[in-house]
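In what follows, every heavy atom counts, from backbone to side chain, and hydrogens, waters and symmetry copies are set aside.
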Amino acid sequence: MEQWEDKAIKQNIEDLIEESYLFLLTEQEIRNYLRSFIKSCETVLSENISVNGDTRATRVKIALIRAYLLMNESDFNKANDYTSGNISTKRIEYLAQQVIQIKRTIIILLDNISPKLSRTVLKETRKRNKDTLQQLQRYTMFRNLIIEVGFYLLLFIAVSLLLVMVFY
């Protein structure tokens, strides 16, 4: 019984840390985080489980559908939202809590099938998040390079025009 309690306490602490992290993100970033987790789940399920007739796998799929609905619900409600600061903060808090709850539910359901599956999903999610971060960093570096080249080109044109005006 002690090990179960230790595991539950550890999991609650991890959930609180993850929820705190999600509070720092924008709504779109939270949806991307959830999308990455869902894709990881789908990849691992398709590679490791034959889903025909297994009720445990069906429960996982239902939880994944709930996650899809949460992502799409926030897109739908965003059109009707006149985002003031307070409403936006509440939406992010609500969305973060729902993401943590869905993720925890899916991990528990995967643990019921095989603990190896949940570990694999978490590894795949970390890998996807790392890849996404690297792509974002490359994009930022490329954008900054383009801005810098544009600045120097504009400076060159301005100096050239100034020289032409002075010596002409």
Side-chain angles (χ1 to χ4, degrees), residues 1-79 81 83 88-146:
M1 187 71 175
E2 272 185 39
Q3 287 181 341
W4 182 83
E5 289 176 5
D6 290 343
K7 184 177 179 181
I9 290 170
K10 180 182 175 192
Q11 189 56 51
N12 284 334
I13 291 171
E14 288 175 2
D15 288 348
L16 285 172
I17 292 170
E18 191 171 6
E19 189 174 355
S20 298
Y21 165 72
L22 291 178
F23 285 156
L24 300 174
L25 302 178
T26 65
E27 190 172 337
Q28 184 61 40
E29 290 169 333
I30 294 172
R31 280 197 301 252
N32 290 340
Y33 180 85
L34 180 60
R35 188 173 291 117
S36 172
F37 178 74
I38 291 170
K39 286 180 182 179
S40 298
C41 288
E42 290 174 340
T43 302
V44 169
L45 283 175
S46 67
E47 291 174 355
N48 295 311
I49 291 184
S50 106
V51 202
N52 301 333
D54 189 358
T55 57
R56 296 176 299 179
T58 304
R59 289 180 183 155
V60 173
K61 287 195 168 214
I62 290 170
L64 289 172
I65 290 171
R66 182 176 173 216
Y68 275 122
L69 290 174
L70 179 66
M71 280 190 319
N72 292 331
E73 171 190 341
S74 57
D75 284 338
F76 175 75
N77 288 336
K78 194 171 186 177
D81 189 13
T83 17
S88 178
T89 303
K90 287 181 181 179
R91 284 177 57 101
I92 288 174
E93 287 177 9
Y94 171 77
L95 186 60
Q97 290 168 352
Q98 291 299 309
V99 166
I100 295 299
Q101 181 183 4
I102 288 171
K103 187 175 176 185
R104 175 68 2 237
T105 301
I106 291 171
I107 293 298
I108 289 170
L109 290 171
L110 288 172
D111 274 343
N112 288 338
I113 296 172
S114 167
K116 181 181 139 190
L117 283 177
S118 61
R119 288 190 301 269
T120 306
V121 165
L122 293 174
K123 285 179 188 176
E124 177 73 21
T125 303
R126 280 188 219 107
K127 179 183 167 212
R128 284 180 187 271
N129 289 338
K130 183 179 176 185
D131 292 345
T132 303
L133 181 62
Q134 288 175 348
Q135 288 175 350
L136 182 62
Q137 288 173 341
R138 278 190 235 123
Y139 169 76
T140 303
M141 285 177 25
F142 179 72
R143 190 189 78 204
N144 290 342
L145 179 68
I146 294 295

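The line from CD of Glu124 to CG of Asn129 is 10.0 Å long, rounded to the nearest 0.5 Å. In this structure, Leu122 CG and Leu117 CG are separated by 11.0 Å, a value rounded to the nearest 0.5 Å. The OG1 atom of Thr89 lies 11.5 Å from the CZ atom of Arg91; values are rounded to the nearest 0.5 Å. The distance from atom CG of Asp15 to atom CD1 of Ile107, rounded to the nearest 0.5 Å, is 10.0 Å. Once rounded to the nearest 0.5 Å, the distance linking CZ of Arg119 with CG of Asp111 reads 8.0 Å. In this structure, CD in Gln137 is found 11.0 Å from CD in Gln135, a value given to the nearest 0.5 Å.
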Open item on the list: Applying side-chain contact (heavy atoms from CB on, under 4.5 Å) to Leu34 and Ile30, what does each step give before you reach the verdict?
Closed with: CA-CA 6 Å; Leu34 180 60; Ile30 294 172; 5.7 Å; no
- [ ] Might you work through the side-chain hydrogen bond (donor to acceptor under 3.5 Å, both in side chains) test for Arg104 and Gln101, ending with a clear yes or no?
- [x] CA-CA 5 Å; Arg104 175 68 2 237; Gln101 181 183 4; over 6 Å; no
Task: Step-by-step side-chain hydrogen bond (donor to acceptor under 3.5 Å, both in side chains) determination, Ser40 to Arg128 - done: CA-CA 8 Å; Ser40 298; Arg128 284 180 187 271; 3.2 Å; yes
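Here the side chains of Val121 and Leu45 are not in contact, with every heavy-atom distance at 4.5 Å or above. The side-chain heavy atoms of Ile17 and Ile13, taken from C-beta on, include a pair separated by under 4.5 Å. In this structure, Ser36 and Thr132 have side chains that are not in contact, with every pair of non-hydrogen atoms separated by 4.5 Å or more. Contact check for Glu29 versus Ile92: no side-chain heavy atoms found under the 4.5 Å cut-off. Counting heavy atoms from C-beta on, the side chains of Leu95 and Tyr33 never come closer than 4.5 Å. Residues Phe37 and Ile106 form a side-chain contact, since some pair of their non-hydrogen atoms from C-beta on lies under 4.5 Å apart. Between Tyr94 and Gln98, some side-chain heavy-atom pair lies under the 4.5 Å cut-off.
Remark: the Asn32 side chain and the Arg35 side chain contain an N/O donor-acceptor pair separated by less than 3.5 Å.
The nearest pair of heavy atoms linking Ile100 to Glu18 is CD1-CG, 3.5 Å. When all heavy atoms of Ala63 and Ile102 are compared, the closest pair comes out as O-CG2, 4.2 Å. Considering all non-hydrogen atoms of both residues, Gln97 and Phe23 come closest at NE2-CZ, 4.5 Å.
Surrounding OH of Tyr21 are at most 12 heavy atoms belonging to other residues, nucleotides or ligands under 6.0 Å away.
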